[in-house]
Participant: 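Pasting a structure here, questions to come.
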Amino acid sequence: MNIEEIRKDFPILNRGIIYMDSAATSLTPEPVLDAVLDYYRNYNANVGRGVYKLTQIASQKYEDAHKNVAKFIGTTANELIFTKNTTEGVNTVASGIGLKKGDKVVVSLWEHHSNLLPWIRAKKTLRIDLEVVKPNDAISEGDAKTQCALETSDFVDAIDKKTKIVAITHVSNALGSVLPVKEISKLCAENNALLLVDAAQSAPHLKIDVRDMGCDFLAFSGHKMLGPTGIGGLVIKEELMEELEPLTVGGGAVEDASFADYRLKQSYEKFESGTPNIAGAIGLSAAVAYLEGIGMEKVKAWEEKQGKRIIEELRELDNVEIYGYGSEAFEHGQRIGVVSFNVNGVNPTEVASRLDREAGITVRSGHHCCIPLMNYLGLGSEGTVRSSVYLYNTEAEVEKFLDLIRKISNS
Ligand SMILES: Cc1ncc(COP(=O)(O)O)c(C=O)c1O
């Protein structure tokens, strides 16, 4: 992987920044911008609703985008709907699977608010039972507590015959830790429970094979994987397409309509009423082509190398606390390059501000949309500092970041 060549595709990097906040949103390479502009410049038209040439080109490109993005995550176009983002994907499932009083929903302690609030709402409005899987009590003190480990065994008691759906993150955005979703999918199958995977943090960094994973739904966001904002995807297992109620109904989704009733299409169009984000979908398709061109294995290996260095160097600093698994977890597929930490006695927001002020390094600080997890870790809303690398970060950038953290931790 030639980082210097890759960096040429991200001219924003020439503006004196070291971008280490890709877990929040990734940078957008030139081929993605070109694809978006090409749509607006050369074949700007609505999709699926006309006979003229321009709309046919736009429709074809939009359909191709469905196919390409679906293939990227191991499925086919008929199982992928385009959404606004992961949040919309999760909400589509939470509101569409017909939850009713007494149904049980299982989530984990690691969930981002986007895969938590929709289920809390269902608890409040429909009176479902919501169970949160937390680390084993026996290891919830000291170092083990900051690791916040979750394994398949922790889910065994929670997933039972009353469970309608298990909704879990594949990778924690706050810890960088990976959940064994394939193993958990077996527990779901044994109990006839559905499985929703929040892949917002995994689809950009790991090779996803949605069929092999064994889940029923998988949600992800384009803007975290080199695509534009406002576009994401939700995989819906084909046999569930019919029973899942769409979040919205309207134009483009209907087979037939009268003043009394309507009949929805039975394809992804059922879930994409209204004019979709055509340019966004085309941009996302270019983003997955870009990632495929480099190879997800290479992307993963590069990030792991940088993530490992960050963890191992931070670990040398007496007054730095790291959250999530240690660097050995990379070897077991339990970690990605997102690193959450705190410098004792320095507010995480102050650390992030100093990184920005003194070296143009962008990292996130705060609760990372995981307030319950931060409370569990005893961090309140101050949260942590979070660095997140991607394919465009260099070793020299990581070194600069580490140098400054060393300085901050010594001052
Ligand atoms: C694990 C996880 N889930 C869900 C989301 C929500 O993504 P979006 O804001 O794109 O809907 C995020 C965003 O940070 C995330 O990291």
Side-chain angles (χ1 to χ4, degrees), residues 19-28 32 69 73 81-95 107-121 132-133 148 150 165-181 184 195-206 208 213 215 217-235 247 277 280-281 283-284 287-288 303 307 323-324 334-340 352 362-374 383-390:
Y19 193 76
M20 294 179 73
D21 194 22
S22 295
T25 202
S26 61
L27 301 179
T28 322
V32 173
V69 176
I73 45 171
I81 67 165
F82 281 131
T83 59
K84 200 164 66 176
N85 46 34
T86 304
T87 307
E88 188 174 278
V90 175
N91 275 276
T92 300
V93 177
S95 71
V107 296
S108 84
L109 174 70
W110 294 357
E111 300 319 318
H112 185 282
H113 295 159
S114 289
N115 190 31
L116 188 58
L117 271 59
W119 308 110
I120 296 176
R121 178 158 73 174
V132 183
V133 174
C148 216
L150 277 180
I165 188 163
V166 176
I168 46 172
T169 194
H170 189 185
V171 175
S172 158
N173 63 302
L175 304 169
S177 313
V178 179
L179 268 183
V181 282
I184 295 169
L195 175 63
L196 162 73
V197 173
D198 169 353
Q201 295 294 340
S202 57
H205 308 287
L206 307 172
I208 299 285
M213 202 185 265
C215 62
F217 307 103
L218 180 132
F220 56 96
S221 299
H223 68 95
K224 293 184 196 285
M225 47 197 289
L226 311 183
T229 53
I231 186 77
L234 174 68
V235 176
L247 201 58
N277 183 352
L284 179 55
V288 303
E303 289 170 19
Y323 303 93
Q334 289 179 309
R335 227 196 183 293
I336 68 159
V338 169
V339 183
S340 242
T362 66
V363 297
R364 194 51 57 129
S365 60
H367 56 61
H368 315 298
C369 291
C370 292
I371 293 176
L373 171 62
M374 293 296 131
T384 69
V385 183
R386 182 189 69 184
S387 67
S388 50
V389 289
Y390 209 178

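Both ligands and their constituent atoms are indexed starting at 1 by order of listing. For this chain, numbers begin at 1 and follow the sequence in order.
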Participant: Under the rule for ring pair (Phe, Tyr, Trp, His ring centres under 6.0 Å), what residues qualify as partners of Phe217, not counting sequence neighbours?
Facilitator: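 Per chain and number, Phe217 pairs via ring pair (Phe, Tyr, Trp, His ring centres under 6.0 Å) with no residue.
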Participant: My understanding is that only residues two or more places apart in sequence, or in another chain, count here; which of them pass ring pair (Phe, Tyr, Trp, His ring centres under 6.0 Å) with Tyr390?
Facilitator: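 With sequence neighbours excluded, Tyr390 shows a ring pair (Phe, Tyr, Trp, His ring centres under 6.0 Å) to His205, Tyr392, given in chain and number order.
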Participant: Partners of His367 by ring pair (Phe, Tyr, Trp, His ring centres under 6.0 Å), sequence neighbours excluded?
Facilitator: His113
Participant: Hey, does the side chain of Trp110 reach the backbone of Leu175 with a donor-acceptor pair shorter than 3.5 angstrom?
Facilitator: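 Checking the backbone N and O of Leu175 against the side chain of Trp110, no donor-acceptor pair under 3.5 Å is found.
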Participant: Determine the minimum heavy-atom distance between Ile165 and Val93, stating which atoms define it.
Facilitator: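 So the minimum-distance heavy-atom pair works out to CD1-CG1, 3.7 Å.
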Participant: Keeping the roles fixed (side chain from Thr169, backbone from Glu111), state whether a donor-acceptor pair exists under 3.5 Å.
Facilitator: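 Side chain of Thr169 to backbone of Glu111: no pair is present.
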Participant: Any protein N/O atoms within less than 3.5 Å of an N/O atom in ligand 1? List the atom names and distances, or say none.
Facilitator:
{"from": "ligand 1", "atom 1": "3 (N)", "to": "Asp198", "atom 2": "OD1", "distance (Å)": "3.2"}
{"from": "ligand 1", "atom 1": "3 (N)", "to": "Asp198", "atom 2": "OD2", "distance (Å)": "2.5"}
{"from": "ligand 1", "atom 1": "10 (O)", "to": "Ser221", "atom 2": "OG", "distance (Å)": "2.7"}
{"from": "ligand 1", "atom 1": "10 (O)", "to": "His223", "atom 2": "NE2", "distance (Å)": "2.7"}
{"from": "ligand 1", "atom 1": "11 (O)", "to": "Thr86", "atom 2": "N", "distance (Å)": "3.4"}
{"from": "ligand 1", "atom 1": "11 (O)", "to": "Thr87", "atom 2": "N", "distance (Å)": "2.9"}
{"from": "ligand 1", "atom 1": "11 (O)", "to": "Thr87", "atom 2": "OG1", "distance (Å)": "2.5"}
{"from": "ligand 1", "atom 1": "14 (O)", "to": "His112", "atom 2": "NE2", "distance (Å)": "3.3"}
{"from": "ligand 1", "atom 1": "14 (O)", "to": "Lys224", "atom 2": "NZ", "distance (Å)": "2.6"}
{"from": "ligand 1", "atom 1": "16 (O)", "to": "Gln201", "atom 2": "NE2", "distance (Å)": "2.7"}

